[in-house]
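Worksheet: one structure, shown below.
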Amino acid sequence: VQLQASGGGSVQAGGSLRISCTASGRHFSNYLTGWFRQAPGKEREFVAAINSKRATVYVDSVKGRFTVSRDNAKNTVYLQMNSLKPEDTAVYYCGASQTTTHAMSIRGPDYWGQGTLVTVSS
């Protein structure tokens, strides 16, 4: 599975942005997919995940603001980010796994996409 993230950019605090992750490879719909981020000077952290049954999980800091979704026909996963804060500034990475959400959130995904930069200014 190869993953390509896109859609990052700069936005003011309170604004919205949607980033996408498109996969190549077969049976993408069967994969657990997720988003991670790495802010300057910080470790990479889990942000959100969506499994093959479209069940979703979010880190507490983005609950109610971010929405993860997937379009299996397009082999694409989205992260809609609303009410953005300066602390959301980071490089966002997508990933895919054939494991549990808990395992992926701790160990990272089996497959990583390249990052896309999101910058939120105050």
**Study point:** pair Ile50-Val77: side-chain heavy atoms closer than 4.5 Å
**Key:** yes
Review point. Okay, side chain of Gln98, backbone of Leu32: is any donor-acceptor separation there less than 3.5 Å?
Key: no
Exercise for review: Over 60° means perpendicular and under 30° means parallel, so classify the ring planes of Phe66 and Tyr92, tilted if in between.
Suggested key: tilted
**Study point:** Connected via hydrophobic side-chain network under 4.5 Å: Met104 and Tyr78
**Key:** no
Practice item. State whether the side chain of Asn51 and the backbone N or O of Arg54 hold a donor-acceptor pair below 3.5 Å, judged by distance alone. Key: yes
Check your understanding: Does Val120 offer a backbone N or O that forms a donor-acceptor pair with the side chain of Thr89 under 3.5 Å?
Key -> yes
Check your understanding: So do the side chains of Cys21 and Trp35 get within less than 4.5 Å of each other, counting heavy atoms only?
Key -> yes
Check your understanding: Got a sec: does the CD of Gln80 have more than 12 other heavy atoms crowding it under 6.0 Å?
Key -> yes
Practice item. Taking the six-membered ring of Tyr58 (Phe, Tyr or Trp), confirm whether the NZ or CZ of Arg65 is under 6.0 Å from its centre and within 45° of its axis. Key: no
Practice item. Answer yes or no: is there a side-chain heavy-atom contact under 4.5 Å between Arg37 and Glu45? Key: yes
Exercise for review: Give a yes or no answer on whether the side chain of Asn75 reaches the backbone of Ser24 with a donor-acceptor pair at less than 3.5 Å.
Suggested key: no
Exercise for review: For residues Asp110 and Tyr31, determine if any side-chain heavy atom of one lies less than 4.5 Å from a side-chain heavy atom of the other.
Suggested key: no
Review point. Is the closest side-chain heavy-atom distance between Val118 and Asp88 below 4.5 Å?
Key: no
Point to revise | Close side-chain approach of Met81 to Ile19, heavy-atom, < 4.5 Å | key: yes
Exercise for review: Side-chain contact test, heavy atoms from C-beta onward, threshold under 4.5 Å: evaluate it for Leu79 versus Thr67 and give yes or no.
Suggested key: no
Exercise for review: Ignoring hydrogens and angles, state whether a donor on the side chain of Ser20 or Thr76 is under 3.5 Å from an acceptor on the partner side chain.
Suggested key: no
Check your understanding: Is atom CD of Gln12 surrounded by more than 12 heavy atoms (other residues, nucleotides or ligands) closer than 6.0 Å?
Key -> no
Exercise for review: Ignoring hydrogens and angles, tell me if any N or O in the side chain of Thr116 forms a donor-acceptor pair with the backbone of Ala5 under 3.5 Å.
Suggested key: no
**Study point:** From CA spacing to verdict: side chain to side chain donor-acceptor pair (under 3.5 Å), Ser16, Asn82
**Key:** CA-CA 4 Å; Ser16 298; Asn82 299 329; 2.9 Å; yes
Point to revise | Verify same cluster id: Tyr93, Phe46 (apolar side-chain graph, 4.5 Å) | key: yes
Check your understanding: Given Lys63 and Asp60, is the salt bridge (charged side-chain N to carboxylate O under 4.0 Å, His left out) satisfied, shown in steps?
Key -> CA-CA 5 Å; Lys63 283 180 181 177; Asp60 286 347; 3.0 Å; yes
